[in-house]
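Convention: sequence-line order gives letters A, B, ...; per-chain numbering from 1.
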Amino acid sequence: MKWKDKYRFVKQNMKRNKSRLFMTILATAMGCCFLVVLASIGFGFQKSITEEITSFGKITEVSIYGKTNTSAEPDNGFSLYSMEEVKQFEGIPHVASVVRQNMVSLSARYTYDDYARETDYSPVFTVMEAEKHGKLELSEGRFPLAPNEMLVGYDFAESLLQAGKPDKPYSASVLNKEISMMLTQPVDAEGNKPASMELKATVVGILKEPAKNWLQDASVIMDQRNIITLQPLLALEEQSLVDHYQNVLVYADDMQHVSGIAKTIKEAGYNAYSVASELTKVDSVFLFVKLGLLFVGAIAVLIAAIGIYNTMTMAVTERTQDIGIMKAIGASPSSIRSIFLIESSFIGIVGTLIGTIVAFGVSLAANRLIPIILSKQNESNEPMNFVFSDIPFSLIGVSAAISIGIAILSGMRPARRATEVDVLKALRRDL
Amino acid sequence: MIAIQNVSHQFQIGKKDSEKLVPVLNRVNLVVQAGEIVSVLGRSGSGKSTLLNLAAGYMRPTSGSIRINGTEVSSYSEVQWSKFRLAHMGFIFQSFQLITSMTAFQNIELPLTLKGIEEKERAARVRETMELVGMGEYQHYYPSELSGGQQQRIGIARAMVLRPALILADEPTGSLDSETEQSVLDFIRQLNRDWGTTFLMITHDAEVASIAHRSVTIHNGQIVG
């Protein structure tokens with residue numbers, strides 16, 4: 001018997017009791033929808049937490065913070081890294097870039113036109129080529145090529161205030177503008193007049209907007225070579241910063257290699273931290289949460305499966321005579337079985353399809369409405385960047401497999417009963 | 001065509017602890033040659049229906065051998081029987097046994113569908129067979145819309161649509177009036193004459209049995225003449 005003909009039989013059979021079929025599909029759809037929505041809460045929370053973690057650091061980044069204690073003297077965490085060490089990190093397989101940065105104990109005054117900003121922090125001095133390969137992202141412009149070029153944070157322009165009018169920030173773009181920097185030594189204990197030095201650099205690139213709207217980035221990033229110019233102002237312990245680095249960040253070429261790189265760095269005697277390893281911990285916690293939610297959701301599908309079992313059992317009972325006639329003239333048990341299995345699979349597939357579509361609607365509505373309700377309750381106008389429900393393809397796949405699988409399983413027993421129909425009893429009388 | 005040798009059959013009745021074996025057939029021997037119409041006459045409870053059920057594979061004999069077309073079928077499994085029926089046999093039932101949710105066309109088409117024949121060929125063969133039984137105009141009628149005689153013609157068309165060498169008929173005119181009975185019997189004779197189809201026919205009516213080349217009578221589970 002051909003599949004096409006089996007399907008025709010199923011269609012013909014299903015037309016006999018449309019309302020019962022509709023109710024069974026409805027129950028399956030509700031079960032599947034409940035399963036998807038429930039599990040989507042776990043996926044939503046995981047997505048939100050993952051985004052929260054990754055917004056504070058790059059996913060391929062491994063930051064190194066000092067050497068592991070091998071001696072009795074505790075490590076203060078402010079180690080300097082030599083070029084040899086940088087090269088050692090660069091030699092680890094799958095390392096895309098080793099970013100190295102320095103900051104010095106000089107206060108800075110940035111000036112453009114009659115706008116200025118004073119800060120206790122010096123610019124960040126870095127190797128631009130490494131930053132570029134470390135995927136430092138710009139919102140506009142390019143990476144500096146010369147020491148007299150620099151990058152500034154997204155909010156740098158706004159941090160410049162007009163002389164005498166502290167409420168008037170600079171409102172235009174600072175791209176391609178030359179900024180003057182007065183870098184000054186801290187006042188020493190004896191009260192000597194601190195020395196200063198002026199540097200001028202053109203803004204050639206502006207960094208990407210911070211991930212969170214409450215974060216402000218007014219940083220200044222300059223080429224490492226400027227350290228040499230500033231050497232006369234540097235404290236004694238900072239003299240080595242010409243060829244040593246305070247902050248080293250190792251970037252993997254792909255997220256999957258981060259843990260391997262972090263492991264190698266740790267084995268080499270360094271403390272290493274990566275967002276990816278945090279995410280692995282989060283993922284393993286959420287795996288159990290999602291499995292738990294899927295299990296609870298699967299109970300709803302199991303209840304729907306009782307409906308399918310009942311419907312299929314009734315279908316077999318109602319069609320006993322037809323089955324008997326078919327067997328009497330030569331239908332094989334496998335043909336009879338597959339007709340009923342196709343019917344239960346059809347119920348499972350249609351129910352899953354409807355349930356998944358409805359689940360998408362519920363998920364969308366929840367993500368739109370819950371933040372509005374919560375912000376009204378909290379009397380806050382701040383937008384909530386929280387995903388309450390997320391339905392990834394993997395969830396659709398898993399829930400479809402559960403729903404359709406359970407539907408087929410619940411049709412197996414009635415299908416087997418159909419093959420066991422006694423011809424003579426089904427024909428209601430002996431030949 | 002059919003060789004039934006020393007076939008006995010017993011029914012089990014009663015509950016497990018007090019079950020009883022009731023013999024229905026006792027060492028029955030019957031040979032039906034190819035192209036023959038053989039009728040089996042007998043009263044109710046004589047065992048004639050059991051004999052046909054065994055020949056159709058709806059029951060297994062307690063002992064003995066049944067050979068059809070030279071093949072020993074008495075120990076066939078259900079799957080083997082389903083294939084064998086489709087390949088060699090057609091069935092005519094007293095109460096027609098048409099599927100009520102299917103049209104006359106679909107009922108006749110059923111054996112062809114079960115055999116996996118292409119839709120186009122099926123349609124041609126069903127139309128041809130319907131014309132042959134004089135029911136060409138009733139393709140889209142449901143069994144409930146047809147008279148008893150018309151339903152039996154559809155039943156006969158379904159039995160012959162695969163051109164089987166053997167048709168087992170159970171009281172084929174048992175539910176028909178005398179006028180319709182005669183036309184059905186004429187048709188069976190015509191099929192036998194034109195196509196050489198072998199018939200093993202169960203009846204309690206001597207007039208129906210008269211169309212057969214040979215009649216055997218069964219009494220108390222034994223062939224008596």
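- Remark: B:Ser46 OG to B:His219 NE2 distance equals 8.5 Å, nearest 0.5 Å.
- Annotation for B:Glu207: atom CD does not count as buried by contact number, only 12 or fewer foreign heavy atoms lying within 6.0 Å.
- In summary, B:Asp170 and B:Lys48 do not engage in a salt bridge, as defined by a charged side-chain N under 4.0 Å from a carboxylate O.
- For the atom pair OG (A:Ser403) and CG (A:Leu353), the distance works out to 11.0 Å, reported to the nearest 0.5 Å.
- Using a 4.0 Å cut-off between charged side-chain N and carboxylate O, A:Lys2 and B:Glu118 make a salt bridge.
- When the candidates B:Pro111, B:Ser101, B:Ala87, B:Ala159 are compared by the number of heavy-atom contacts under 4.5 Å with chain A, B:Ser101 comes out ahead.
- If you measure heavy-atom distances from A:Lys4 to chain B, the contacts under 4.5 Å come from the side chain alone.
- Remark: B:Thr203 OG1 to B:Gln94 CD distance equals 9.0 Å, nearest 0.5 Å.
- Atom CE of B:Met1 sits in a crowded spot, with more than 12 heavy atoms from other residues, nucleotides or ligands closer than 6.0 Å.
- Close approach to chain A, defined as a heavy atom under 4.5 Å from one of its heavy atoms, is seen in no residue of residues 147-156 of chain B.
- Residue A:Ile325 touches chain B through its side chain alone, counting heavy-atom pairs closer than 4.5 Å.
- Of the listed residues (B:Glu119, B:Lys83, B:Arg122), the one with the most heavy-atom contacts under 4.5 Å to chain A is B:Arg122.
- Residue contact with chain A, scored on non-hydrogen atoms closer than 4.5 Å, is absent for B:Leu162.
- By the neighbour-count criterion of 12 heavy atoms within 6.0 Å, atom OH of B:Tyr138 is sparsely surrounded, having that number or fewer from other residues, nucleotides or ligands.
- The stretch residues 290-305 of chain A places none of its residues near chain B, where near means some heavy atom under 4.5 Å from a heavy atom of that chain.
- When A:Arg337, A:Arg319, A:Lys15 are each tested for a salt bridge (Lys or Arg N to Asp or Glu O under 4.0 Å) with A:Glu343, only one passes: A:Arg319.
- Within a 6.0 Å sphere centred on CZ of B:Arg163, other residues, nucleotides and ligands contribute more than 12 heavy atoms.
- Comparing A:Ser335, A:Gly324, A:Ala331, A:Ser334 by how many heavy-atom pairs each has under 4.5 Å with chain B, the most go to A:Ala331.
- Counting non-hydrogen atoms of neighbouring residues, nucleotides and ligands closer than 6.0 angstrom, the CE atom of B:Met135 exceeds 12 such neighbours.
- Salt-bridge formation is not detected for the pair A:Arg16/A:Glu318: no Lys NZ or Arg NE/NH1/NH2 atom is positioned less than 4.0 Å from an Asp or Glu carboxylate oxygen.
- Contacts of B:Asp177 classified as side-chain hydrogen bond (donor to acceptor under 3.5 Å, both in side chains), with partners at least two apart in sequence or in another chain: B:Thr180.
- Shown here is B:Arg43, whose CZ atom has no more than 12 heavy atoms of other residues, nucleotides or ligands within 6.0 Å.
- With 3.5 Å as the limit, one finds a donor-acceptor pair spanning the side chains of B:Ser215 and B:Ser39.
- Contacts with chain A (heavy atom to heavy atom, under 4.5 Å) involve these residues of residues 71-80 of chain B, listed by number: B:Glu78, B:Val79.
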Exercise for the section: Assess whether side-chain hydrogen bond (donor to acceptor under 3.5 Å, both in side chains) is satisfied between B:Ser82 and A:Ser332, documenting all intermediate values. Expected result: CA-CA 5 Å; B:Ser82 63; A:Ser332 67; 5.0 Å; no
